[in-house]
There are 2 protein chains.
Amino acid sequence: MAKRAAPYHHGDLRRALLAAALALLDEGGVDAVTIRAVARRTGVTHAAPANHFRDREALLTALAAEIFTKLSALISKRLEKAGGSRDARIRVFADAAIDFGLRHPHRFRLIWRRDSLDGADDALNRAMDGIYDRLVAELAAGRGRAAVSADTQAIGLWSMVHGYVCMRLDGNLVSKADEATGEPRRKAIVTAFLDGIGGGAKK
Amino acid sequence: MAKRAAPYHHGDLRRALLAAALALLDEGGVDAVTIRAVARRTGVTHAAPANHFRDREALLTALAAEIFTKLSALISKRLEKAGGSRDARIRVFADAAIDFGLRHPHRFRLIWRRDSLDGADDALNRAMDGIYDRLVAELAAGRGRAAVSADTQAIGLWSMVHGYVCMRLDGNLVSKADEATGEPRRKAIVTAFLDGIGGGAKK
DNA sequence: ACTCAATCTTGACGGTGTCAATATAAAATG
DNA sequence: CATTTTATATTGACACCGTCAAGATTGAGT
């Protein structure tokens, strides 16, 4: 027994491969995470990973699931420290996702690049859905007379955060940095979404 | 002269390569667009494309620029038919981008996958900036007492639209389709952004 | 007619993912 | 403890990829 804890030859090759893959990802992006490079870095031959990951897609998927779990933990930690204000708790999600994306660009790109991943993977889907469900729960709690459902709000907010990080990482907003924060519209877009951008009179 | 119209041997290999690349993209996604496959489909040898595209990145970049231009044209056409209402004109951008993304998934994924493209390419940047600038112009026209600038609104809205299509293409919202439209929250998220999702009293 | 440059072909190199066959070592069984 | 079974790792091969260098071919300019 204890199959996962101390496998046969290597000790725990699966974990070692994932660690090497994460290092390669941070250093050189998704393209640098090749099966052969991961095997080299771990000190095994090029075909050894095949025992633990069906193919490269499976390796990337497992890596993405791990990263998703870390992001989820980050959000949890911040939510604990957050106050009870609904807006503040909503901002936790946006801030955490943006922080994460800016701090680990390659990880962010990987987990959202679903066409390079196995969409049917359970671990991946559970990790993703977990974050989403918690966001919906926060949005549903004590909201006012909003015209749309919490689900809709969650989809919209999460979409916005995702797209914002994408553009930042691609260098699309460099000319638009605020003098105050040095970051282009980071807080402002969340404010915009909270307040609305329509022509109606504001608060 | 007329270099572009009728080059030397093939007629217009550059254009032919781009057409083949687009077909391959639609059929099999970005991964199917290899230099060799494009050459095969065009009927030339595998090294011929090198005369027109420095490398694969350059080919994908040129393809993306072409696609961006088409998207821009689509928006233009719809804006002409749109009324004068600010909200309606804003919705044109969101609707066009979403329509485009859902209709041509692989094209959408390519043009936003900037880490596979040449970020310094002029044609690409001009095509992208053109869309963004027009969106800012529409947002700036006759908006009310909004708390944030038109730039901020543009970044937020465009981010949201981008993220929404991503999630749709990845099959993340399948369980959330509206009974009315069959599309999950498509109009609603734009409404949410126009109206705001904060707790403040609504219209 | 001649030169020249642009264009395309041929052939090679190292890298990749993946498969089949083999060796090895741990676990299970007697 | 000996033996069998199973999981794991190695070796070697294959086809495909992007890219480079060298040569052949063709159009344009003079």
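The sequence lines fix the lettering, A, B, ..., with proteins before strands; numbering per chain opens at 1.
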Let me know the distance between CG of A/Asp12 and C1' of D/dT8, rounded to the nearest Å.
13 Å

Write down the protein N/O and nucleotide N/O pairs, taken from nucleotides 12-15 of chain D, whose separation is under 3.5 Å; answer none if there are no such pairs.
| from | atom 1 | to | atom 2 | distance (Å) |
| --- | --- | --- | --- | --- |
| D/dG12 | O6 | A/His46 | NE2 | 2.9 |

So which pairs with a foot in residues 97-107 of chain A pass salt bridge (charged side-chain N to carboxylate O under 4.0 Å, His left out), sequence neighbours left out?
A/Asp26-A/Arg107, A/Arg78-A/Asp99, A/Asp99-A/Arg186

Could I get the full list of side-chain contact (heavy atoms from CB on, under 4.5 Å) partners for B/Arg89, not counting sequence neighbours?
B/Leu79, B/Ala82, B/Glu138

Rounded to whole angstrom units, what separation is found between the CG atom of A/Asp55 and the P atom of C/dC19?
8 Å

Under 4.0 Å from OP1 or OP2 of D/dC20: is there any side-chain N or O of B/Arg54 that close?
no

Just jot down the ring pair (Phe, Tyr, Trp, His ring centres under 6.0 Å) partners of A/His104, sequence neighbours excluded, or say none.
A/Phe100

Going by heavy atoms closer than 4.0 Å, what residues in residues 17-33 of chain A are next to DNA chain D?
none

Calculate the interatomic distance between A/Arg40 atom CZ and D/dA9 atom P; express it in whole Å.
18 Å

Any B/Arg114 side-chain heavy atom under 4.5 Å of B/Leu124 side chain
yes

Between A/Arg86 and A/Leu139, what is the shortest heavy-atom contact and its length?
NH2-O, 3.0 Å

Partners meeting salt bridge (Lys or Arg N to Asp or Glu O under 4.0 Å) with B/Asp151 (sequence neighbours left out):
none

Round to a whole Å and report the spacing from CG of B/Leu59 to P of D/dT19.
10 Å

Can you tell me how far C1' of C/dG17 sits from CG of A/Leu60, to the nearest Å?
12 Å

Spacing of B/Leu13 atom CG relative to D/dG27 atom P, expressed in whole Å:
15 Å

Can you name the ring pair (Phe, Tyr, Trp, His ring centres under 6.0 Å) partners of B/Phe68, sequence neighbours left out?
B/Trp112

If you go through the side-chain atoms of A/Asn51, does one of them form a donor-acceptor pair with the base of D/dA9 closer than 3.5 Å?
yes

Would you please name every residue forming a salt bridge (Lys or Arg N to Asp or Glu O under 4.0 Å) with B/Arg134, sequence neighbours left out?
none

A/Phe53 CZ to D/dA9 P, straight-line distance once rounded to whole Å:
12 Å

Would you say a side-chain N or O of B/Thr34 is under 4.0 Å from OP1 or OP2 of D/dC17?
yes

Rounding to a whole Å, what distance do you find between A/Arg56:CZ and C/dG17:C1'?
9 Å

If you check the B/His52 side chain, which of C/dC8, D/dC17, D/dT19 turns out closest?
C/dC8

Within residues 47-60 of chain B or reaching into it, pairs that qualify as salt bridge (charged side-chain N to carboxylate O under 4.0 Å, His left out) - sequence neighbours excluded:
B/Arg54-B/Asp118

